[in-house]
Amino acid sequence: MRRVAIYPGSFDPIHCGHIDIAQRAAKLFDHLVVGVYDRPSKRLLFSTEERVALARKAFGSISNIEVRAYSGLTTAFADSLGARVLVRGLRVVSDFELEYQMALTNNQLAPHIETICLMTRKEYAFLTASIVKEIFMLGGNVSTIVPVYVHDALIAKRDQLRSLGNTAGSL
Ligand code: ADP
């Protein structure tokens, strides 16, 4: 049987911590679908289309990774793809409570779907998309934590916001 897993998240934007988890998960399954959730409760910088495009650039060379946007329940998305595993990344201890809560909730909704968590690499243990945006906004170097095309997208987004009259502080 073809083993399909999904790796859901907001990926706003995708960074090296996400990429590392997806690359490692892709070695464990026949097919990995990176699911870009279209409406997380977080305030987004990039549109769904932009987040999907950046994620596709990240995984273009890996034949068993596919990137798709989704809305609604993550378990319904998994079912629609025939996926029986939901992959998540675990960073510091503070992630555990939320991941545990989500795994239990998803298990209630869909007992046939398992959540597995992969531990982050230590160099990405404190890396979040919010931190990427904050470092960038403050003029810091993000070249070791995002691919070059994400860096370019951050510059373009900042320029776009500035031209609309927003300050970089609104990132
Ligand atoms: P972020 O927390 O960076 O905003 P998401 O909310 O999109 O990212 O998270 C999607 C998944 O990726 C979650 O399971 C999250 O724990 C995982 N993840 C995010 N950052 C990292 C990282 N630095 N190392 C490992 N996993 C991560």
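Note that ligands are numbered from 1 as they come in the structure, with each ligand's atoms numbered from 1 the same way. In this text, all values refer to a predicted model and were calculated from it rather than measured experimentally.
- The closest approach between Arg121 and ligand 1 stays at or above 4.0 Å for every heavy atom of the residue.
- The atoms of ligand 1 that sit less than 4.0 Å from any heavy atom of Thr128 are 3 (O).
- Looking at Leu127 next to ligand 1, an N or O pair under 3.5 Å apart turns up.
- Under the 30°/60° scheme for interplanar angles, the aromatic rings of Phe77 and Tyr70 are found to lie parallel.
- Under the 4.0 Å criterion applied to side-chain N and carboxylate O atoms, Glu49 and Arg51 are not assigned as salt-bridge partners.
- When only non-hydrogen protein atoms are considered, atom 7 (O) of ligand 1 lies nearest to Ser10 N, 2.8 Å.
- Residue nearest to atom 3 (O) of ligand 1, selected from Pro8, Pro13, Ala129, Ser130: Ala129 (by heavy-atom distance).
- Regarding atom 15 (C) of ligand 1, its nearest protein heavy-atom neighbour is Gly89 O, 3.7 Å.
- Residue His15 has at least one heavy-atom neighbour below 4.0 Å for each of these atoms of ligand 1: 3 (O), 20 (N), 21 (C), 23 (N).
- Contact of the Leu45 side chain with the Lys133 side chain is registered, since non-hydrogen atoms from C-beta on lie closer than 4.5 Å.
- Closest approach of Pro13 to Val150, counting heavy atoms only: CG-CG1, 3.6 Å.
- Under the 4.0 Å criterion applied to side-chain N and carboxylate O atoms, Lys57 and Asp152 are not assigned as salt-bridge partners.
- By the criterion of a heavy-atom distance under 4.0 Å, the side chain of Arg91, and not its backbone, is placed next to ligand 1.
- Donor-acceptor pairing under 3.5 Å is recorded for the side chains of Asn141 and Ser143.
- Taking every non-hydrogen atom of Glu99 and a distance limit under 4.0 Å, the qualifying atoms of ligand 1 come out as 13 (C), 14 (O), 16 (O).
- Note: no N/O pair closer than 3.5 Å links Ile21 and ligand 1 by distance alone.
- Atom OH of Tyr149 has more than 12 heavy atoms from other residues, nucleotides or ligands within 6.0 Å.
- Close contacts between ligand 1 and Lys42 involve ligand atoms 4 (O), 5 (P), 6 (O) [criterion: under 4.0 Å to a heavy atom].
- Ring pair Tyr7/Phe11 is perpendicular by interplanar angle, where above 60° counts as perpendicular and below 30° as parallel.
- For the ligand labelled ligand 1, residue Tyr7 lies inside the 4.0 Å heavy-atom shell.
- Atoms of ligand 1 lying under 4.0 Å from at least one heavy atom of Gly9, given by number and element, are 7 (O), 10 (C).
- Counting protein heavy atoms only, atom 8 (O) of ligand 1 is closest to His18 NE2, 2.8 Å.
- The side-chain heavy atoms of Glu99 and Leu90, taken from C-beta on, include a pair separated by under 4.5 Å.
- One finds no salt bridge joining Arg2 and Asp30 here, because no Lys/Arg side-chain nitrogen approaches an Asp/Glu carboxylate oxygen to under 4.0 Å.
- What sits closest to atom 24 (N) of ligand 1 on the protein, heavy atoms only, is Thr120 OG1, 2.9 Å.
- What sits closest to atom 23 (N) of ligand 1 on the protein, heavy atoms only, is Tyr124 O, 2.8 Å.
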